[in-house]
Trainee: 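I have a structure here, written as structure tokens, and I will follow up with some questions on it.
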Amino acid sequence: MSYSADTLKRHYQNNYKKQRISNLVELREKTAKLSLTEFSKQIGIQKSNLSSLENGDRDLSLFNIQAYKTFFHEKYNLDISTDYLLGYSNNKYANENYQMISKITGLTDNSIDCLKSLQQYGKMTHGIKVLNN
């Protein structure tokens, strides 16, 4: 494969753009549970720009990536993977342990989220300690 800008852009659009759009919408709707307007206000990205990102009409900038990562870290204690934000992965966790657990066990991010929630409420301790290590 050629590494020219045009070739890389076409390759990205053909292989990863759809996943990126899905990942960004999922973060806002399922994790943050916010409307586009409210999410825009909280994350510091203009609503029109956020809408363009979620529609695939605009590429993520470094600022956008930083805003998403900071917002979800501060509000939800999630270390979101840059690969997830860009659409290269459907595993949202940057933590290598979570990625390994997902790969080996086949657990989805939602399953891991559920286990993490159980830990926060003190209903399950031993299995979750393994996930956190």
Side-chain angles (χ1 to χ4, degrees):
M1 176 168 88
S2 168
Y3 290 98
S4 71
D6 289 339
T7 302
L8 289 173
K9 186 170 186 166
R10 273 194 306 280
H11 179 73
Y12 178 81
Q13 289 175 338
N14 292 336
N15 297 292
Y16 304 106
K17 186 176 180 178
K18 185 176 178 182
Q19 183 66 51
R20 183 197 82 206
I21 293 167
S22 174
N23 292 350
L24 295 179
V25 171
E26 182 177 320
L27 281 173
R28 179 179 57 79
E29 291 180 347
K30 294 185 179 172
T31 302
K33 296 180 173 78
L34 295 171
S35 69
L36 194 64
T37 301
E38 188 56 35
F39 187 60
S40 170
K41 290 177 187 175
Q42 290 194 30
I43 198 168
I45 299 173
Q46 290 181 348
K47 182 180 175 184
S48 60
N49 290 344
L50 194 57
S51 178
S52 293
L53 290 171
E54 289 189 4
N55 290 326
D57 298 330
R58 183 183 189 116
D59 290 331
L60 284 164
S61 68
L62 180 57
F63 166 76
N64 298 143
I65 293 168
Q66 291 169 328
Y68 271 89
K69 288 183 70 68
T70 301
F71 175 83
F72 285 100
H73 186 265
E74 289 178 355
K75 300 279 185 182
Y76 300 94
N77 197 29
L78 293 175
D79 186 10
I80 302 295
S81 161
T82 302
D83 279 355
Y84 181 80
L85 293 173
L86 293 172
Y88 290 111
S89 171
N90 59 2
N91 184 315
K92 70 182 163 197
Y93 296 107
N95 183 303
E96 290 177 8
N97 290 330
Y98 289 119
Q99 290 180 15
M100 181 185 66
I101 289 167
S102 178
K103 186 175 184 177
I104 291 172
T105 66
L107 288 173
T108 65
D109 286 343
N110 290 338
S111 298
I112 293 172
D113 289 342
C114 181
L115 291 172
K116 287 175 70 176
S117 294
L118 289 173
Q119 178 194 23
Q120 290 174 340
Y121 296 110
K123 295 181 181 178
M124 186 175 184
T125 57
H126 178 71
I128 301 301
K129 286 179 184 176
V130 172
L131 287 174
N132 285 333
N133 289 332

Trainee: Hey, what do you get for CG (L53) to OG (S48), rounding to the nearest 0.5 Å?
Mentor: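 Those atoms lie 9.5 Å apart.
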Trainee: Looking at every heavy atom in both S40 and Q46, which two are closest together, and how far apart are they?
Mentor: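 Heavy atoms of S40 and Q46 come nearest at OG-C, 3.4 Å.
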Trainee: Can you check whether I21 reaches N55 side chain to side chain, under 4.5 Å on heavy atoms?
Mentor: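 I21 does not reach N55 side chain to side chain.
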Trainee: Decide yes or no for L27 and Y68: does some side-chain heavy atom of the first lie under 4.5 Å from some side-chain heavy atom of the second?
Mentor: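 Of all side-chain heavy-atom pairs linking Y68 with L27, at least one is under 4.5 Å.
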Trainee: Could you list the residues that satisfy ring pair (Phe, Tyr, Trp, His ring centres under 6.0 Å) with F63, not counting sequence neighbours?
Mentor: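 Partners of F63 under the ring pair (Phe, Tyr, Trp, His ring centres under 6.0 Å) test: none.
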Trainee: If you round to the nearest 0.5 Å, how far is NE2 of H11 from OG of S4?
Mentor: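 One gets 12.0 Å once the value is rounded to the nearest 0.5 Å.
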Trainee: I'd like to know if V25 and Y76 are part of one continuous hydrophobic network [Ile/Leu/Val/Met/Phe/Trp/Tyr, side-chain heavy atoms within less than 4.5 Å].
Mentor: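 Hydrophobic grouping puts Y76 apart from V25.
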Trainee: For a quick test of reading the model, state the closest non-hydrogen atom pair linking F72 to A32 and the distance between them.
Mentor: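 Heavy atoms only, the tightest pair is CE2-CB, 4.0 Å.
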Trainee: Compare every heavy atom of L50 with every heavy atom of I45, then report the nearest pair and how far apart it is.
Mentor: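 Where I45 meets L50 most closely, the heavy atoms are CG2-N, 3.9 Å.
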Trainee: Measuring from atom CD of E38 to atom NZ of K33, what distance do you get when rounded to the nearest 0.5 angstrom?
Mentor: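 That separation rounds to 15.0 Å.
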Trainee: Could you tell me whether the side chain of S81 reaches within less than 4.5 Å of the side chain of N91, counting heavy atoms only?
Mentor: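 The answer is no, as the side chains (C-beta and beyond) never meet within the 4.5 Å cut-off.
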Trainee: What heavy-atom pair brings G87 and N23 nearest, and what distance separates the two atoms?
Mentor: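 Shortest heavy-atom separation between G87 and N23 comes out as CA-ND2, 4.0 Å.
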Trainee: The criterion is side-chain hydrogen bond (donor to acceptor under 3.5 Å, both in side chains); which residues satisfy it with D83, sequence neighbours excluded?
Mentor: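 Partners of D83 by the side-chain hydrogen bond (donor to acceptor under 3.5 Å, both in side chains) criterion come out as none, since no residue qualifies.
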Trainee: Is the closest side-chain donor-acceptor distance between S61 and N64 under 3.5 Å?
Mentor: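 Yes, side-chain donor-acceptor contact under 3.5 Å.
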Trainee: Does one hydrophobic cluster hold both Y16 and I65, with members joined at side-chain heavy-atom distances below 4.5 Å?
Mentor: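 As far as the 4.5 Å side-chain criterion goes, I65 and Y16 are connected within one cluster.
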Trainee: Working to the nearest 0.5 Å, report the span between CD1 of I43 and CG of L34.
Mentor: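 I43 CD1 to L34 CG: 9.5 Å, rounded to 0.5 Å.
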Trainee: Sort and list the pairs that fulfil salt bridge (charged side-chain N to carboxylate O under 4.0 Å, His left out) and have at least one residue in residues 44-68, not counting sequence neighbours.
Mentor: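 For residues 44-68, and leaving out neighbouring residues, the salt bridge (charged side-chain N to carboxylate O under 4.0 Å, His left out) pairs sorted by first residue read R20-D59, R28-E54.
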Trainee: Would you indicate whether the side-chain heavy atoms of Q66 and K69 approach each other to under 4.5 Å?
Mentor: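 Answer no - side chains too far apart.
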Trainee: Answer yes or no: is there a donor N or O on one side and an acceptor on the other, between the side chain of K92 and the main chain of I80, under 3.5 Å?
Mentor: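 Checking the backbone N and O of I80 against the side chain of K92, no donor-acceptor pair under 3.5 Å is found.
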